Each structure stands twice: as structure tokens, then as C-alpha cells.
Amino acid sequence: MIDAILPRGSAILDAGCGVGRVAAYLADQGHQAVGVDADPVLIEAGHELYPNLPLVVIDLAELTSEALTDAGLPGEFDLVVCPGNVMHFVAEGSEPRVVGRLAGVLRSGGRAVFGFATEAEAGPPEGRTYAIADLDRDAAAAGWTLEHRFGTWRLDPFAPDSTWAVSVYRAS
């Protein structure tokens with residue numbers, strides 16, 4: 001889906017990349033994809049799996065253009081993607097800051113795409129309450145407009161009983 005909404009060569013940040021699987025796929029498709037994650041163990045594993053892929057340890061709550069450029073990465077992106085429940089795994093209470101930090105590295109007119117399980121499925125990890133409405137609120141505060149919401153990464157329609165939400169926002 002991410003590959004389909006951007007022209008080849010676009011700068012893409014896989015935010016909360018884990019070992020970099022999504023960034024690696026996008027790089028193979030011809031994009032300038034990079035990944036950041038707070039977990040050094042996952043980044044090290046990503047370096048072993050994808051030795052030519054730029055992956056660095058940066059906590060999303062501390063993400064800045066300067067931190068990215070200091071690490072040898074671009075300081076702004078055409079698209080930021082947070083797949084795989086990333087927003088459920090950032091430090092609790094940091095979610096608005098994370099969205100704000102992602103907004104700070106997204107070009108004007110760029111897109112941010114988030115995917116995570118909804119409460120209709122197993123919901124967020126125990127004790128976590130960050131929901132789609134929270135993401136919408138934080139995205140609006142960052143100056144983003146919701147363009148699309150799907151029930152899967154295969155673009156199935158979103159419904160109140162969807163077990164997954166993929167939300168696409170546009171930066172103003």
C-alpha cells in the first residue's frame with residue numbers, strides 16, 4: 001500500500017521499524033527508505049538482515065530532523081509509516097509527543113500512515129488505552145487531516161467492528 005501511494009524515489013521513514021522489514025521492502029521497490037527504532041537489539045538484528053539499509057536507534061519521542069541528520073539520514077520525509085502497533089508500544093503517555101515529532105520530519109503535503117489493532121480485536125496491550133480517536137486527536141493537533149481509514153492493509157473498508165485500523169493522514 002505504501003509503495004502504491006508514492007512515486008519511486010520518495011523519502012520514507014519507517015518509524016518504529018523493528019528489524020526494518022517494511023523499510024527493506026520499500027527500499028527494494030526503489031524508495032529512499034530508512035528506519036528508526038528505540039530498541040538497539042532490533043536495530044542490530046536489522047543490520048544483520050539488511051546490511052545496506054539505513055537503520056538507527058532513535059526513540060520516536062525524541063525524534064528531530066537534527067537527530068536524523070546527525071545519524072546520516074534525511075531530515076524530512078515524503079511519508080512516515082508506523083505499521084504493526086507501533087503506537088501501542090511507545091512509552092505510555094508519549095503518544096501525542098510522538099505524533100508531534102513525526103509531524104516535525106514530514107514534508108508539507110506529505111502523508112503519515114499508522115496501522116494498529118483496535119479494541120474490537122484483542123485491543124492494545126494490557127493497560128494501554130490509545131485508540132483511533134486518540135490518534136485522530138493527536139493528528140489534528142499536528143496539523144494533519146485524515147484522508148482515508150481502512151480495516152486492513154489490503155484496503156478493506158473500515159467498520160466499527162474492524163479488528164485493525166490503517167489511517168492515512170495528510171500534512172497541511
Side-chain angles (χ1 to χ4, degrees), residues 1-7 10-29 31 33-39 42 46 58-63 76-172:
M1 177 187 135
I2 301 303
D3 177 43
I5 62 176
L6 291 169
S10 295
I12 302 173
L13 176 65
D14 183 357
C17 67
V19 298
R21 181 181 54 84
V22 171
Y25 172 81
L26 293 167
D28 285 347
Q29 303 312 305
H31 297 288
V34 303
V36 299
D37 198 289
D39 189 332
L42 291 175
I58 299 177
D59 186 316
L60 295 180
E62 305 305 321
L63 182 73
E76 65 177 6
F77 296 88
D78 301 307
L79 185 137
V80 171
V81 60
C82 287
N85 287 316
V86 169
M87 295 304 289
H88 290 317
F89 292 107
V90 300
E92 190 164 5
S94 73
E95 299 93 347
R97 180 178 171 91
V98 167
V99 172
R101 293 297 184 144
L102 294 173
V105 300
L106 185 62
R107 289 187 175 111
S108 178
R111 288 188 175 111
V113 182
F114 295 82
F116 58 80
T118 66
E119 293 182 29
E121 190 178 359
E126 188 172 328
R128 297 301 300 267
T129 58
Y130 196 72
I132 297 166
D134 300 315
L135 178 61
D136 287 344
R137 178 200 63 227
D138 295 339
W144 296 345
T145 303
L146 180 66
E147 281 191 329
H148 306 285
R149 178 159 291 134
F150 303 103
T152 67
W153 286 101
R154 293 174 310 281
L155 310 182
D156 292 321
F158 182 79
D161 63 344
S162 292
T163 59
W164 195 260
V166 177
S167 304
V168 181
Y169 300 93
R170 174 83 69 165
S172 55

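These numbers come from the heavy atoms of this one structure, side chains and all, not from hydrogens, waters or symmetry mates. Everything numeric in this text was worked out from a predicted model, so none of it was measured.
When atom types are taken as modelled, the side chain of D14 and the backbone of A23 share a donor-acceptor pair closer than 3.5 angstrom. Remark: the backbone N or O of A117 is paired with a side-chain donor or acceptor of N85 at under 3.5 angstrom. Proximity of a side-chain donor or acceptor of E95 to a complementary backbone N or O of G93 within less than 3.5 Å is detected. The closest donor-acceptor contact from the side chain of S10 to the backbone of D78 lies at 3.5 Å or more, if one exists at all. The backbone N or O of S172 sits less than 3.5 Å from a side-chain atom of S108, completing a donor-acceptor pair.
Between V80 and V113, every side-chain heavy-atom pair lies at or beyond the 4.5 Å cut-off. Side-chain atoms of V22 and I2, non-hydrogen and from C-beta on, never get closer than 4.5 Å to each other. The shortest side-chain heavy-atom distance between L26 and L6 does not fall under the 4.5 Å cut-off. Between I12 and V81 there is a side-chain heavy-atom pair separated by less than 4.5 Å.
Rounded to the nearest 0.5 Å, atoms CZ (F116) and OG (S167) are 6.5 Å apart. The CE atom of M1 sits 8.0 Å away from the NE2 atom of H148 when rounded to the nearest 0.5 Å. Annotation: the span from H88 atom NE2 to C82 atom SG amounts to 12.0 Å, rounded to 0.5 Å. Atom OH of residue Y169 and atom CZ of residue F114 lie 7.0 Å apart, to the nearest 0.5 angstrom. Note that the CG atom of L60 and the CG atom of D37 stand 7.0 Å from one another [nearest 0.5 Å].
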Next item on the list: Check step by step if side-chain contact (heavy atoms from CB on, under 4.5 Å) holds for W164 and F150.
Entry: CA-CA 8 Å; W164 195 260; F150 303 103; over 6 Å; no
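Taking 4.0 Å as the cut-off between side-chain N and carboxylate O, D136 and R149 count as a salt-bridged pair.
Contacts of T145 classified as side-chain hydrogen bond (donor to acceptor under 3.5 Å, both in side chains), with partners at least two apart in sequence or in another chain: none. Remark: R111 pairs with E147 by the side-chain hydrogen bond (donor to acceptor under 3.5 Å, both in side chains) rule, at least two apart or across chains. Residues that satisfy the side-chain hydrogen bond (donor to acceptor under 3.5 Å, both in side chains) test with E62, not counting sequence neighbours, are R97.
A donor and an acceptor atom, one from each side chain of D138 and Y130, are located under 3.5 Å apart.
Of all heavy-atom pairs between D59 and A38, the closest is CA-CB, 3.9 Å. The two residues A142 and V99 make their nearest non-hydrogen contact at CB-CG1, 4.0 Å. Taking all atoms of both residues into account, the shortest heavy-atom contact from G109 to R170 is O-NH1, 2.7 Å. Shortest non-hydrogen contact noted between F158 and T118 is CE1-CG2, 4.3 Å. Minimum interatomic distance between V86 and G16 (heavy atoms only, all atoms of both residues): CG2-O, 3.5 Å. Looking at every heavy atom in both residues, L63 comes nearest to L102 through CD2-CD2, 3.6 Å.
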